[in-house]
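Accompanying notes for the structure given below.
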Amino acid sequence: MEPTPLYGLMGEFDSPEALLAATRRAFAEGFRKMDAYSPFPVDGLAEALGSYRVTVPLIVLIGGIIGCLGGFFLQYWAAVIDYPIIVGGRPLNSWPSFIPVTFELTILIAALFAFFGVLALNGLPMPYHPVFNVDRFELASRSRFFLCIESTDPKFDRNNTRRFLETAGAHGVYEVEP
Amino acid sequence: MKSQHGNESTTAEPVLPVIEPGHTYATITDKISAIVLARQAPRVWYIGFAISFVLVMLLFYQIARLIAIGVGLFGIMIPVAWGFAIVNFVWWIGIGHAGTLISAILLLLRQKWRQSINRFAEAMTLFAVACAGLFPLIHLGRPWFFYWLFPYPSTMAIQPQFRSPLVWDVFAVSTYFTVSLLFWFLGLIPDLATLRDRARRRVPRFIYGMLAMGWRGSAIHWHRYEMAYLLLAGLATPLVVSVHTVVSFDFAVALVPGWHSTIFPPYFVAGAIYSGFAMVLTIAIPLRKLYGLEDFITLRHLKNMGIVMLATGMIVAYGYLMETFFAWYSGDIYEKYMMINRMFGPYGWMYWLLILFNILIPQALWIRRVVTNVPALFLIAISVNIGMWLERYVIVVVSLSRDFMPSAWGMYSGTIVDYSVLAGSIGLFVCLMFLFIRVLPMISIFEMRELVHEEAIHND
């Protein structure tokens, strides 16, 4: 009988150091399609998985530029083009008075881009994900550390990968149903 | 602070810990999430919630009357058209500032002691800004037209006056609220996932699950998350300085004696942080006692907050001193009279009470025995809360009541509606705070786990 298809194999570790060491070994072993799960951010773990680039700062910068230019020209348009009215003898384009709102809108749009940008990059909200099929995985938000090697990885093999995770120091190896 | 460090090394007194020893990732997670997931809240919670809820009902009742009958129910008159509403607005928005300072600036400065107080300090910011926003809205008189403050394609073919500080204020406060909310919620996501995994009943599990949006603690996600969190902290940092600066422009850009002063922005920002830390202490001290969180909110936190209060309080004292100096040095008859009136006029007693509550009593914080004494810190924090309210009263009311022309002078006092709306807003704040500690983790769980990890490396 054909065995049921798997999303991957998941190893459980009891410390961030053990998880980091196992992840480095897995990467050296040639595994690429994998992810590590921890209850708090672990330094160097994303790099160990082969991820270097972080696009969040660029997104925030773009948001800030949009907010800054948009904020200023919103006021310019309102005060000079749409509703030109002289107040206190100042010129219509009295730009120093427009600075506070320009500044606030720069921050506002950049912050909105940061928040929704990180959610979008992380693919959240995601109501279903296979890793939650593992009962022990609920400890990933408490005290345990997990490394999941996915079956789409070309080097994935049900028995060899299980053995690899065990030799890498996993306390338990679980099959992750898709 | 420097001399204190010196003392510490000479007397060989141990540095107070930011977390008591013996905690693991699991014990921290269980202890903090148990407060939220427990079926029953402590009895004190119900009593406190009931009292604050009654005050919220009082607030709603008075707001309904103010809308139905009109703002004449307030004590406002000409020349004092601002009154309690603006005093309360400035007071509340100032209180909010400590939350942002703790969560953003102390994060950028890598202050480890922020981690157990940042979550509820941020919640405090949100609720304080919500209370603050209420007052200008009611004070508008016709609050259903509040959207006239925003630029939108209106059929009246008019636009807001962008050269006015009152319009800047709308943008500053709404940006402040939005950014604080985003920052707070982003920090909550991993903890909501923890609650989802810890909850044993279906409904809480479902609700926390929806709010956590499927967070699973992936390393790549954490990596982006930390970057976004850091950037949001960087974006929130200028807000700490800018929001109360813009609020101070409401006064400083006007020509009224006692308002038209260049020292207002820095002195308002220092005052905001001062009152904010006082409010954090006012909340943290009963909270840690009630929920037995002395291991997480340690004496070190309370002491550090006391020191920040002392430092910002001294800046505020310098502000008062300089205002007096400017009044004399300017040689301006109106400025000079304003200061004499402030000190010895009909409202003079308020000025001296303000000096007592805001400047004299907090000087006790210089004494080590006081700054590490919990009840004393609590009393000083209450004193600062009262003092800062009086400060805003003195600035708003005393300056307006006697400006340039004696024929236009007038005496102002709050009515029963003024006092009940103030009490109601405190009730609303406390009520929201009670709801928050009941349904959300009041201490950031994942940051505490990180702290345990760092302490473990440190001790090895």
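Everything quoted here is computed from the prediction, not taken from an experiment. Note on naming: letters A, B, ... go to the chains in the order of the sequence lines (proteins, then strands), and numbering restarts at 1 for each one.
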Practice item. Apply side-chain contact (heavy atoms from CB on, under 4.5 Å) to the pair Leu121(A) and Ile220(B), showing each step before the final yes or no. Key: CA-CA 10 Å; Leu121(A) 287 172; Ile220(B) 314 275; over 6 Å; no
Exercise for review: For residues Phe103(A) and Phe171(B), determine if any side-chain heavy atom of one lies less than 4.5 Å from a side-chain heavy atom of the other.
Suggested key: no
Exercise for review: Step by step, work out the side-chain contact (heavy atoms from CB on, under 4.5 Å) result for Arg196(B) and Phe132(A).
Suggested key: CA-CA 12 Å; Arg196(B) 170 198 66 204; Phe132(A) 290 109; 3.3 Å; yes
Point to revise | Sub-4.5 Å side-chain heavy-atom contact between Phe446(B) and Pro41(A) | key: yes
Check your understanding: Does some side-chain heavy atom of Val60(A) sit less than 4.5 Å from a side-chain heavy atom of Leu235(B)?
Key -> yes
Check your understanding: Under the 3.5 angstrom rule, does the side chain of Trp222(B) hit a backbone N or O of Ser38(A) as a donor-acceptor pair?
Key -> yes
Revision key, fill the gap. Cut-off 4.5 Å, heavy atoms of chain A, and the answer for Glu447(B) is neither
**Study point:** Atom group of Pro160(B) that falls short of 4.5 Å from chain A, counting heavy atoms
**Key:** neither
Check your understanding: Has the side chain of Trp168(B) got a donor or acceptor atom that lies under 3.5 Å from a matching backbone atom of Ser97(A)?
Key -> yes
**Study point:** Atom CZ of Arg200(B): over 12 foreign heavy atoms under 6.0 Å
**Key:** yes
**Study point:** Engaged part of Leu139(A) at the chain B interface, taking heavy atoms whose separation is under 4.5 Å
**Key:** side chain
Practice item. Identify which of Val452(B), Val167(B), Leu230(B), Leu232(B) forms the greatest number of heavy-atom pairs closer than 4.5 Å to chain A. Key: Leu232(B)
Exercise for review: Check the surroundings of atom NZ in Lys155(A): do more than 12 heavy atoms from other residues, nucleotides or ligands lie under 6.0 Å from it?
Suggested key: yes
Study note, to complete from the structure: From the list Ala219(B), Ala236(B), Gly214(B), the residue making the most non-hydrogen contacts under 4.5 Å with chain A is Ala219(B)
**Study point:** Test log, rule side-chain contact (heavy atoms from CB on, under 4.5 Å), inputs Tyr176(B) and Ile107(A)
**Key:** CA-CA 9 Å; Tyr176(B) 189 40; Ile107(A) 304 278; over 6 Å; no
Practice item. Can you see which heavy atom on Pro91(A) is nearest to which on Arg163(B), and at what distance? Key: O-NH2, 3.7 Å
Exercise for review: Kindly say whether Ala46(A) contributes a backbone atom to a donor-acceptor pair with the side chain of His223(B) at under 3.5 angstrom?
Suggested key: no
Practice item. For each of Thr106(A), Leu112(A), Asp35(A), tally heavy-atom pairs with chain B at distances under 4.5 Å, and name the one with the top tally. Key: Asp35(A)
**Study point:** Neighbour count >12 (heavy atoms, 6.0 Å) for atom CD, Glu177(A)
**Key:** no
Review point. Do you know which of Val101(A), Asp82(A), Val118(A) has the most heavy-atom pairs with chain B at a distance under 4.5 angstrom?
Key: Val101(A)
Point to revise | Flag if over 12 foreign heavy atoms under 6.0 Å of CZ, Phe206(B) | key: no
Practice item. May I ask you to test the Thr194(B)-Arg142(A) pair for a side-chain heavy-atom distance under 4.5 Å? Key: no
Revision key, fill the gap. The interface call for Phe145(A) against chain B, heavy-atom contacts under 4.5 Å, is side chain
Review point. Can you name the one residue among Thr29(B), Asp191(B), Asp197(B) that meets side chain to side chain donor-acceptor pair (under 3.5 Å) with Ser141(A)?
Key: Asp197(B)
Review point. Near Arg90(A) CZ, under 6.0 Å, is it more than 12 heavy atoms from other residues, nucleotides or ligands?
Key: no
Review point. Given a strict heavy-atom distance threshold of 4.5 Å, which part of Leu231(B) is in contact with chain A: side chain, backbone, both, or neither?
Key: side chain
Exercise for review: Determine the minimum heavy-atom distance between Leu74(A) and Phe162(B), stating which atoms define it.
Suggested key: CD2-CZ, 4.5 Å
Practice item. Could you have a look at Asp43(A), Leu105(A), Thr23(A), Leu19(A) and say which one has the most heavy-atom pairs with chain B under 4.5 angstrom? Key: Leu105(A)
Check your understanding: With a 4.5 Å limit on heavy-atom distance, are the side chains of Met213(B) and Met126(A) in contact?
Key -> no
Revision key, fill the gap. Chain B shares the most heavy-atom pairs under 4.5 Å, among Leu124(A), Leu49(A), Leu119(A), with Leu124(A)
Practice item. Report yes if the distance between the aromatic ring centroids of Phe40(A) and Tyr25(B) is under 6.0 Å, otherwise no. Key: yes
Review point. Are the side chain of Arg224(B) and the backbone N or O of Thr55(A) linked by a donor-acceptor pair below 3.5 Å?
Key: no
Review point. Once you round to the nearest 0.5 Å, how far does CE of Met34(A) lie from OG of Ser218(B)?
Key: 11.5 Å
Exercise for review: Under 4.5 Å heavy-atom distance to chain B, tell me which part of Pro16(A) shows up: side chain, backbone, both or neither.
Suggested key: side chain
Practice item. For Arg110(B), look at atom CZ and say whether over 12 heavy atoms of other residues, nucleotides or ligands are found less than 6.0 Å away. Key: no
Check your understanding: When heavy-atom pairs shorter than 4.5 Å are enumerated against chain A, which of Ala228(B), Ala26(B), Ala157(B) gives the highest number?
Key -> Ala26(B)
Check your understanding: Between Val253(B), Val246(B), Thr175(B), Leu239(B), which shows the greatest number of heavy-atom pairs under 4.5 Å with chain A?
Key -> Thr175(B)
Review point. Pick from Arg216(B), Glu450(B), Met210(B): which one has the most heavy-atom pairs with chain A under 4.5 Å?
Key: Arg216(B)
Revision key, fill the gap. Chain B shares the most heavy-atom pairs under 4.5 Å, among Leu45(A), Val87(A), Val42(A), with Val87(A)
Practice item. Decide yes or no on side-chain contact (heavy atoms from CB on, under 4.5 Å) for His453(B) and Glu17(A), but give the supporting numbers first. Key: CA-CA 10 Å; His453(B) 183 227; Glu17(A) 290 77 19; 2.8 Å; yes
Check your understanding: Do you know which two heavy atoms are closest between Ser242(B) and Glu104(A), and how far apart they sit?
Key -> OG-OE2, 3.1 Å
**Study point:** Which portion of Ile59(A) sits near chain B, non-hydrogen atoms under 4.5 angstrom
**Key:** neither
**Study point:** Check: Trp77(A) and Pro151(B) side chains under 4.5 Å, non-hydrogen atoms
**Key:** no
Review point. Of the listed residues (Met227(B), Arg198(B), Glu226(B)), which shares the most heavy-atom pairs with chain A below a 4.5 Å separation?
Key: Arg198(B)
